[in-house]
Amino acid sequence: MGEPRSKPLSDKRLRLFLRGCDQEWLIEQLMTVAKSDRVLRARLAVAAGQENAFDDRDIRDRLERAIDIPDFIDYAGAYGYFMHVADALDEVELLIDAGFPDAAITLAEYALELLESSAERVDDSDGGLSEAIARAEEIHLAACEAGSPDPVELAERLVTCAVSSGYEMFLDVLPAYEEVLGSAGLARYRELVEQAWRKLPPKKPNDYSARRFVISHLMENLAESSDGADGLIEVLARDVTSAYDVLRIAERLCADDRDDEALTWLERGLANFDPDFRLRDLAADIHLRAGRRDLAGEMLWASFTDRPSLESFRALRQATAEGFPPWRERALAFLAEAPPATGSWSPGRSTLVEILLADDEIDAAWQAAVDGGCSEGLWLRLARARAASHPADAIPILLRAADRAIELRNRDSYQAAARLLAEARGLFARCDRDGAFCDHMAAVRDAHRTRWALRQELDWAHLP
């Protein structure tokens, strides 16, 4: 057994010891440590009356070594790269509590510059870059709160970085930086953002340029931070060129319980732009909150006829509640008019079949598929439901699905084919047609006699 460890010396006892030490000895100990610890040396220099005592060259070099990379770093190396970046940023953060927050501000901004310039040389599949940027921004804010940056200069740097960055740096500084910026800094920030916003050319439909997005986002945050929803809506209303622009305004109004104003915007959007189910869905929600189920139904009916689906059908059902039966009859009649399938990939009357299946109307769903066709995957679902009462009807569909799986010619598809054939065997047995199944399997094995992997899967499934 090793010797027992001695109990650590408490802070209280260590203080008592230091008080009794020779002054010259203490000085030598501090000077020795300060030679290798620039932060400690700078703290001592500040205490001695020196201004601007901190020399940030070591940490700058550390940031450069960690972030600035000459060659591309692939996915395998990205984790290690971003770990080194995090370690370097930790050193910057330590400066805040060490009494050098202003140096931390400068170094955090330098780190962001390096991250911007190196971004395209590292695989960011796992989001390490965005995490590093967010970390540097957190340090920057904490340093600004602890330090004494010039508010006007800070505002200028925040706007310049946000507008010039391709990685959305300092995009959401308000309201977090309001206290740091103060009245003078906020005034300068507003001046620069409004200036950039006014210079934007009139927005065209589907204009999603990065620069427009950034400047508009800054202006929207500024407006909402200072004037709430009304300020934001005033900004959003300047360039309404799409249904999505209308949707953003209406959603913000709904968030403030201003449903009537939101509905006015939605009606305007539906009149001025191509039909958009999102506008109708939000309008329907507003009508439902006001108890106007009939109007909600009209909105959702329009969405259903534009984009027929099980989801839009269910939305109509939920909205109209006890008044749904006539809507359901109308919807089924509408779907029954869909063009019949013209090929294996044609949807035919898939939506009608899917709705009837979901409502457990198996016979009606089968007839709809027979009359108008449906997607291959839906045929298989329908066959399995139909098999409970009409196994003979399901057999050809399962065999067809097995043939399609075999033609994909890979191990997984052969396994799927074997499962389908085993499923079909049970249906043949229920129809007293075991011999017909054996004949079919003999034909399958003969047609694919050179595919040893398929034969193996059939054997493993104990198929004849």
Side-chain angles (χ1 to χ4, degrees), residues 11 30 33-47 50-69 73 77-119 121-122 124 126-151 153-162 164-165 167-182 185 189:
D11 287 352
L30 274 173
V33 176
K35 285 180 181 179
S36 59
D37 188 335
R38 286 182 176 270
V39 175
L40 175 58
R41 184 175 182 86
R43 293 180 71 180
L44 294 173
V46 169
Q50 180 183 347
E51 296 183 6
N52 303 319
F54 183 71
D55 185 347
D56 68 2
R57 284 178 295 179
D58 280 354
I59 298 184
R60 277 181 174 269
D61 290 344
R62 176 79 171 87
L63 289 169
E64 289 170 5
R65 290 195 303 273
I67 302 174
D68 194 14
I69 45 178
I73 295 180
Y79 177 79
Y81 168 77
F82 286 116
M83 286 296 292
H84 288 308
V85 173
D87 290 343
L89 290 174
D90 286 345
E91 292 187 30
V92 177
E93 184 179 30
L94 289 173
L95 295 176
I96 300 173
D97 289 336
F100 302 103
D102 290 334
I105 295 171
T106 302
L107 290 166
E109 291 176 8
Y110 185 54
L112 289 168
E113 290 177 22
L114 293 172
L115 287 167
E116 178 97 28
S117 64
S118 303
R121 297 195 296 276
V122 61
D124 188 37
D126 286 341
L129 177 64
S130 59
E131 290 181 8
I133 289 172
R135 180 85 177 98
E137 289 179 335
E138 289 175 4
I139 294 170
H140 186 268
L141 174 58
C144 286
E145 290 172 336
S148 54
D150 180 277
E153 292 178 1
L154 175 61
E156 292 171 351
R157 296 199 306 275
L158 290 173
V159 174
T160 299
C161 182
S164 61
S165 172
Y167 296 89
E168 300 183 0
M169 294 180 180
F170 294 126
L171 195 60
D172 294 299
V173 298
L174 298 179
Y177 277 80
E178 283 184 357
E179 186 173 346
V180 172
L181 289 170
Y189 186 87

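Looking at every heavy atom in both residues, A66 comes nearest to A88 through CB-CB, 3.9 Å. Listed here is the closest heavy atom pair of L115 and I67: N-CG2, 3.6 Å. Contact record, I96 with A143: CD1-N, 3.7 Å, taken as the closest heavy-atom pair. Taking each heavy atom of S148 and D102 in turn, the nearest pair found is N-OD1, 2.9 Å. What you find for E116 and S165 is that their closest heavy atoms are OE1-OG, 2.8 Å.
The CZ atom of R135 lies 4.0 Å from the CD atom of E93; values are rounded to the nearest 0.5 Å. Between atom CZ of residue R62 and atom CD1 of residue I59 there is a gap of 10.0 Å, rounded to the nearest 0.5 Å. T106 contributes atom OG1, which lies 13.0 Å from atom CZ of F100 (distance to the nearest 0.5 angstrom). Atom CG of L89 and atom CD of E131 lie 12.0 Å apart (nearest 0.5 Å). Note: L112 CG to E109 CD = 7.5 Å, rounded to the nearest 0.5 Å. Between the CD atom in E179 and the SG atom in C144 there is a gap of 12.0 Å [rounded to 0.5 Å].
Between R157 and I105 there is a side-chain heavy-atom pair separated by less than 4.5 Å. With contacts defined as side-chain heavy-atom distances shorter than 4.5 Å, the pair V180/P151 does not qualify. The shortest side-chain heavy-atom distance between D150 and E156 does not fall under the 4.5 Å cut-off. Residues V173 and L181 are not in side-chain contact: their nearest non-hydrogen atoms beyond the backbone lie 4.5 Å or more apart. Residues D124 and F82 are in side-chain contact: their nearest non-hydrogen atoms beyond the backbone lie under 4.5 Å apart.
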Q. Can you check side-chain contact (heavy atoms from CB on, under 4.5 Å) on Y110 and L63, steps first, answer last?
A. CA-CA 8 Å; Y110 185 54; L63 289 169; 4.2 Å; yes

Q.
side-chain contact (heavy atoms from CB on, under 4.5 Å), that's the test. Do R121 and I73 meet it? Break it down for me.
A. CA-CA 6 Å; R121 297 195 296 276; I73 295 180; over 6 Å; no

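Side-chain N or O atoms of D68 include none that pairs as donor or acceptor with a backbone N or O of L114 at under 3.5 Å.
Relative ring orientation between H140 and Y177 is described as tilted, the plane-to-plane angle lying within the 30° to 60° band.
Atom OH of Y79 has 12 or fewer heavy atoms from other residues, nucleotides or ligands within 6.0 Å.
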